[in-house]
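A short write-up of the structure that comes next.
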Amino acid sequence: MDVLHYKEHGWVHIENVIPQNLIDIVTEVSQECKQIALENENTPAPHGGRLHWKGLGCASKYEPKLLECYKSDINWEIATTLLETEKIYLFNDQIVLKLPKEEFEFVEHYDNQYSTNLDNRIHTVNLSWILDDFTYENGTLNMNGEIIYPRKGDIIAIRGDTIHSSKPNMSEHSRLLYACVFTAEEPVIYENFYKEKWT
């Protein structure tokens, strides 16, 4: 893992690190998570953000099987290394399934802007699990102006103050990402997101 790249650029591409059994779990529940999101879009959400949207925040509250993935050894290893502490807190685990031809994109943003951590005082990291090969057609990631093409099994670690975006999926196949967000030293208190220490 290129920690220096993370420190200098606010993100790092970690290749082929997600165990297959965990990939299978996220893939298995992703369609049901998407269905929950779409059936309840724009209605109050009991977990995560205030309203349901096209993704599903705090997804392990809806699909408990995901806790094995969110609190996996690989996430612990990467999060504690990049956050430079073993005192870390859960914040969000989010299913982002872009259906074929779906009008679903992320304009340029940084993750902390969607919380009370606007000034980036608390170090947060988003370990984005890549669960399909990402292509230009399916709306791959733009990391602060650099378009990247991660493959299934990779993780893109994104610091909470790093600008990134993605386009709609214009391909004939679904594109799945599982975003696992952690905070260093203290929780980020915001809406119905997780606040508990990872023990």
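Quantities reported herein were computed from a predicted structural model and do not represent experimental measurements.
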Working to the nearest 0.5 angstrom, can you tell me the gap between [X] [atom1] and [Y] [atom2]?
X    : Y    : atom1 : atom2 : value
I74  : C69  : CD1   : SG    : 12.5 Å
C180 : I78  : SG    : CD1   : 10.0 Å
S60  : L66  : OG    : CG    : 6.5 Å
L82  : L127 : CG    : CG    : 7.0 Å
T135 : N138 : OG1   : CG    : 3.5 Å
D93  : N75  : CG    : CG    : 9.5 Å

Does any part of the side chain of [Y], heavy atoms only, come nearer than 4.5 Å to the side chain of [X], both counted from C-beta?
X    : Y    : result
L56  : H52  : yes
N169 : E102 : no
Q113 : D161 : no
T27  : L176 : yes
T183 : H123 : no
Y178 : Q94  : no
S174 : Q31  : yes
S171 : P100 : no

For this session: Any chance you could lay out the side-chain contact (heavy atoms from CB on, under 4.5 Å) test for K197 and I88, step after step, and finish with the verdict?
Result: CA-CA 6 Å; K197 186 179 178 183; I88 65 176; over 6 Å; no
For the [atom1] atom on [X], are there more than 12 heavy atoms of other groups (residues, nucleotides or ligands in this structure) within a distance under 6.0 Å?
X    : atom1 : value
D73  : CG    : no
E196 : CD    : yes
H173 : NE2   : no
K71  : NZ    : yes
E68  : CD    : no

Among Ile, Leu, Val, Met, Phe, Trp and Tyr joined by side-chain contacts under 4.5 Å, find the other residues sharing a cluster with [X] and list them by chain and number.
X    : answer
Y110 : L118, I163
I130 : W11, W53, V96, F104, F106, F134, L141, M143, I148, I156, I158, L177
F91  : I122, V181, V188, Y190, F193
I147 : Y136, Y149

Short side-chain donor-acceptor distance under 3.5 Å, [Y] and [X]:
X    : Y    : answer
N112 : N120 : yes
S166 : K98  : yes
T85  : E185 : yes
N117 : S115 : no
N126 : D111 : yes

Donor-acceptor under 3.5 Å ([X] side chain, [Y] main chain):
X    : Y    : answer
H164 : T162 : yes
N92  : C58  : yes
K195 : I189 : no
E191 : R50  : yes

For [X], which residues count as a side chain to side chain donor-acceptor pair (under 3.5 Å) partner, sequence neighbours excluded?
X    : value
K65  : E28
E186 : R121
E84  : K7
Y89  : none

For this session: Tell me, please, which residues at least two apart from Y114 pass ring pair (Phe, Tyr, Trp, His ring centres under 6.0 Å).
Result: H109
Problem set entry | Qualifying residues under ring pair (Phe, Tyr, Trp, His ring centres under 6.0 Å), relative to Y70, sequence neighbours excluded | F182, Y194
List the atom pairs, donor and acceptor, that lie under 3.5 Å between side-chain atoms in residues 13-20 and the rest of the protein, sequence neighbours left out.
unit_1	atom_1	unit_2	atom_2	d
H13	NE2	D154	OD2	2.8
Q20	NE2	D24	OD1	2.8

Please tabulate, one pair per line, all N/O donor-acceptor pairs under 3.5 Å involving side-chain atoms of residues 35-42, not counting sequence neighbours.
unit_1	atom_1	unit_2	atom_2	d
Q35	NE2	E39	OE2	2.8
N40	ND2	I36	O	2.7

For this session: Return the minimal non-hydrogen interatomic distance between K34 and K54, and the atom names on each side.
Result: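 Between these two residues, the closest heavy atoms are NZ-O, 3.1 Å.
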Exercise. Looking at R151 and D133, does any basic side-chain N land under 4.0 Å from a carboxylate oxygen?
Worked result: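 Salt bridge: yes.
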For this session: Decide yes or no on side-chain contact (heavy atoms from CB on, under 4.5 Å) for T124 and R159, but give the supporting numbers first.
Result: CA-CA 6 Å; T124 70; R159 197 171 60 212; 6.0 Å; no
